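Notes to accompany the following structure.
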Amino acid sequence: MDDIKKVLESNSQEEKMDALLHGFYIFSEKVEKDIGQLKEDVAELKGLTIAAFNDINKDIIEIKEMISDTNNRLDTIRRLTIENTEDIYKIKNNNSKAV
């Protein structure tokens, strides 16, 4: 960068133009390198995001399965409760008749 400043301070228009072109060339190379790095970073983030969403979807599926299992168990408990209640009433009625 100091070389460019020295050249720009000189009186030759041709030297100034050459220095400016050289500076733009170096700048464009750096920008291209930075863009390449950004593309790599974006690709990596995309991969990480997809992996995270896949993990979240797996967790959601597991939670749905757990909810389904819980609902099945609750249905079984309700059914058994009704059956036990009916049996209690039958026993109670049989005891009432026996007395």
Side-chain angles (χ1 to χ4, degrees):
M1 198 62 147
D2 290 331
D3 294 339
I4 295 172
K5 287 180 184 178
K6 286 178 187 175
V7 171
L8 289 176
E9 291 171 356
S10 74
N11 291 331
S12 168
Q13 291 289 54
E14 191 174 323
E15 287 178 356
K16 288 180 183 179
M17 289 300 293
D18 286 345
L20 284 173
L21 288 173
H22 181 70
F24 283 128
Y25 176 77
I26 291 172
F27 177 75
S28 67
E29 281 185 336
K30 184 174 180 176
V31 168
E32 284 182 30
K33 182 180 174 185
D34 290 347
I35 288 172
Q37 182 62 47
L38 286 171
K39 285 181 179 179
E40 289 177 20
D41 293 347
V42 167
E44 183 180 351
L45 285 173
K46 181 180 177 182
L48 292 171
T49 302
I50 289 171
F53 275 113
N54 287 339
D55 288 346
I56 290 169
N57 285 335
K58 287 177 188 176
D59 291 345
I60 289 171
I61 290 169
E62 287 178 17
I63 290 169
K64 284 181 178 180
E65 289 173 356
M66 290 176 6
I67 289 171
S68 178
D69 289 347
T70 301
N71 284 335
N72 289 338
R73 289 180 182 145
L74 287 171
D75 287 342
T76 301
I77 291 169
R78 283 187 202 103
R79 183 180 49 77
L80 290 173
T81 301
I82 291 169
E83 288 174 7
N84 287 341
T85 303
E86 289 171 352
D87 289 345
I88 289 169
Y89 281 124
K90 286 178 188 176
I91 292 169
K92 188 175 178 183
N93 284 339
N94 285 340
N95 285 343
S96 296
K97 290 178 186 177
V99 174

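What you are looking at is a predicted structure, and each value in this text was computed from that prediction instead of being measured. Computation of the quantities below employed the complete heavy-atom set of this structure, encompassing side-chain atoms and omitting hydrogens, waters and symmetry-equivalent molecules. Along the sequence shown, the residues carry numbers beginning at 1.
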Measuring from L80:CG to T85:OG1, what's the distance to the nearest 0.5 Å?
10.5 Å

Measure the OG1-CG distance between T70 and D75 for me, rounded to the nearest 0.5 Å.
11.0 Å

How far does CG of D59 sit from CG of N54, to the nearest 0.5 angstrom?
11.0 Å

One thing to verify: whether K33 and E29 come together as a salt bridge, which I'm taking to mean a side-chain N less than 4.0 angstrom from a carboxylate O.
no

Interatomic spacing from OG1 in T81 to CZ in R79 - rounded to 0.5 Å:
10.0 Å

Got a second to check how far D34's CG is from D41's CG, nearest 0.5 Å?
10.5 Å

The reported gap from OG1 in T76 to CD in E83 (rounded to nearest 0.5 angstrom) is 10.0 Å

Neighbour count >12 (heavy atoms, 6.0 Å) for atom CD, Q37:
yes

Could you check if a side-chain atom of D18 sits within less than 4.5 angstrom of a side-chain atom of H22, using non-hydrogen atoms only?
no

May I ask you to check whether over 12 heavy atoms, not counting those of R73, lie within 6.0 Å of atom CZ?
no

Side-chain donor/acceptor of T49 to backbone N/O of L45, under 3.5 Å:
yes

In the hydrophobic clustering (ILVMFWY, side-chain contacts below 4.5 Å, transitive), which residues join F27, or is it alone?
V31, I35

